[in-house]
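We name chains A, B, ... by the order of the sequence lines, and we start the count at 1 in each one.
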Number of protein chains: 2
Amino acid sequence: MEQILVIDDDDDLRTTIIEVLEQEGLTAHPAENADLALNLLKKHPYHLVLLDMVMPGTDGMTAIPLIRQQAPRTRIIAMTAFSSAENAVQAMQRGADDYLVKPFKIDALMLSIRQNLQEARFQECHKDTDMDDVFQGLSNVLRRQILIFLHRQGMTRFMDLVRALEVEDHTKVNFHLKVLREVGFIEQNAHKQYSLTNSGERAAECLSFISKNI
Amino acid sequence: MEQILVIDDDDDLRTTIIEVLEQEGLTAHPAENADLALNLLKKHPYHLVLLDMVMPGTDGMTAIPLIRQQAPRTRIIAMTAFSSAENAVQAMQRGADDYLVKPFKIDALMLSIRQNLQEARFQECHKDTDMDDVFQGLSNVLRRQILIFLHRQGMTRFMDLVRALEVEDHTKVNFHLKVLREVGFIEQNAHKQYSLTNSGERAAECLSFISKNI
DNA sequence: AGATGTTGTGAAGAATCCTTCACAACATCT
DNA sequence: AGATGTTGTGAAGGATTCTTCACAACATCT
């Protein structure tokens, strides 16, 4: 069952939204401010949060990165009555996945929720690569260089990659490309160009996270 | 020198922006439509593109993911005269890094450019400090289990660790402890209890980061 | 002292990972 | 067509990593 957290200080609206969500067969919990919400998120995993931007105490804009930090995989839909393009951009830059302008139709809300839950589920099933595969992919210097190069460069053809990495024996690169393909980090398009899959992108981001943090 | 690509069908605006950027000491190239821009991006790496949303031919909104795919690390600043929150959200969801509403002050443009270039540069510093040791330490299931256990548990004696991990042969654990010690992730105190060093703590945090994000 | 449990070493072999080599299919250019 | 460059396979062997085994120093308990 999909778990949803509704963060809004307006009692009526919060209750209404929760009733609608439960009618739609989703499980929804209320939180009347951001701090309570963060506590709930600490204890329990949610698939998605609906977050009001304007609240007493910690406001929504501030809360976004805190929620992101606490629950990196949880979808965040920002809601606001005072909308502007600048505000929307800021919310997205801080990590919101969508941004709804009040008053919205229930249909619009449900559409956004359904889409975000589905994308999350898609990424989830793409995540079935286990930690072991990840480390299998990352456990070799050349493979890490390939990942980083493709992360920076995007689509690249085989020999260009070989030359960029300054490897004399191209079959060596081939061997490691095969490993990366088997692990699901890279793929080839119709023109035989290599690029990262999204799980490969995430792996490359992990690499940069590690190199930053070690 | 920072390379910038200005994509706009309005000749006057394009020229003006390029002049300003060059006065600021940046290198800027023009492209009057999205297809020309994609060709330029294929040939040459840019740090940042300024992208008009409304153009004949491939429009800006369509171009964003294409640019993203061709040049994943290039910053994209979307520009539009017809702004709405919905439009801004869509641009960000497709991969824009910022979204400016025309007419904008030159100062606002330069601020966004400077910020984006700086963040990009920050992410760039990928210095391959001995990542090899790190991965040496993390490249084995049992070693990862040991790290995670010590991260949760703190100081632990040898046989307690062996039993907690349910390994039948204690010398196996010993072997991996030795590796972890050589890499500098763990240490022993006077009572022969094992615990994480601070670099070991950081490694364990990387592990949990990875398991959250993959 | 003797029995039991803890902590550790070193070496041999197994398993895995990586490199190298020989070669081949295919595209592109002259 | 022939030459050149690109992309790829498979097998052999070398290198590294992991497991297992035999054993030993030391503490603790009875």
Protein-nucleotide distance (B:Leu138, atom CG; D:dT17, atom C1'), rounded to Å: 16 Å

For B:Asp52, all residues meeting salt bridge (Lys or Arg N to Asp or Glu O under 4.0 Å), sequence neighbours excluded: B:Lys102

Stem segments of DNA chain C by first residue number [Watson-Crick or G-U, under 3.5 Å, at least 3]: C:1-30 with D:1-30

Rounded interatomic separation in angstrom, taking CG from B:Leu177 and C1' from D:dC18: 14 Å

Under 4.0 Å protein heavy-atom contact, by nucleotide of nucleotides 16-30 of chain C - B base, S sugar-phosphate only: -SBBBBB--------

Sequence-distant partners of A:His29, ring pair (Phe, Tyr, Trp, His ring centres under 6.0 Å), two or more places apart: A:Tyr46

Pairs meeting criterion salt bridge (charged side-chain N to carboxylate O under 4.0 Å, His left out) with involvement of residues 57-67 of chain B, two or more places apart: none

Nearest-angstrom distance from the residue atom NE2 of B:His191 to C1' of C:dT7: 16 Å

side-chain contact (heavy atoms from CB on, under 4.5 Å) against A:Lys178, all qualifying residues, sequence neighbours excluded: A:Arg181, A:Glu182

Collect all protein-nucleotide pairs involving nucleotides 2-6 of chain D in which both atoms are nitrogen or oxygen and the distance is under 3.5 Å.
from: D:dT6; atom 1: OP1; to: A:Arg163; atom 2: NH2; distance (Å): 3.1
from: D:dT6; atom 1: OP2; to: A:Arg163; atom 2: NH1; distance (Å): 3.4

Test side-chain hydrogen bond (donor to acceptor under 3.5 Å, both in side chains) applied to B:His44 - qualifying residues, sequence neighbours left out: B:Gln3

For atom CG of B:Leu165 and atom C1' of D:dC18, their distance in whole Å: 16 Å

Side chain to side chain donor-acceptor pair (under 3.5 Å) assessment of B:Tyr99 paired with B:Asn87: CA-CA 10 Å; B:Tyr99 181 93; B:Asn87 206 279; 3.2 Å; yes

Side-chain donor/acceptor of B:Asp97 to backbone N/O of B:Ile76, under 3.5 Å: yes

Distance, rounded to the nearest Å, where B:Glu182 contributes CD and D:dT16 contributes P: 15 Å

B:Asp11: salt bridge (Lys or Arg N to Asp or Glu O under 4.0 Å) partners, not counting sequence neighbours: B:Arg14

Atom pair distance, as rounded to whole Å: CD in B:Gln193 and P in C:dG8: 12 Å

side-chain hydrogen bond (donor to acceptor under 3.5 Å, both in side chains) pairs, two or more places apart, involving residues 148-157 of chain B: B:His151-B:Glu201

Short side-chain N/O contact to D:dG8 OP1/OP2 from A:Gln188, under 4.0 Å: yes

With B:Glu24 via salt bridge (Lys or Arg N to Asp or Glu O under 4.0 Å) - residues at least two apart: B:Arg114

Salt bridge (charged side-chain N to carboxylate O under 4.0 Å, His left out) contacts touching residues 167-176 of chain A (sequence neighbours left out): none

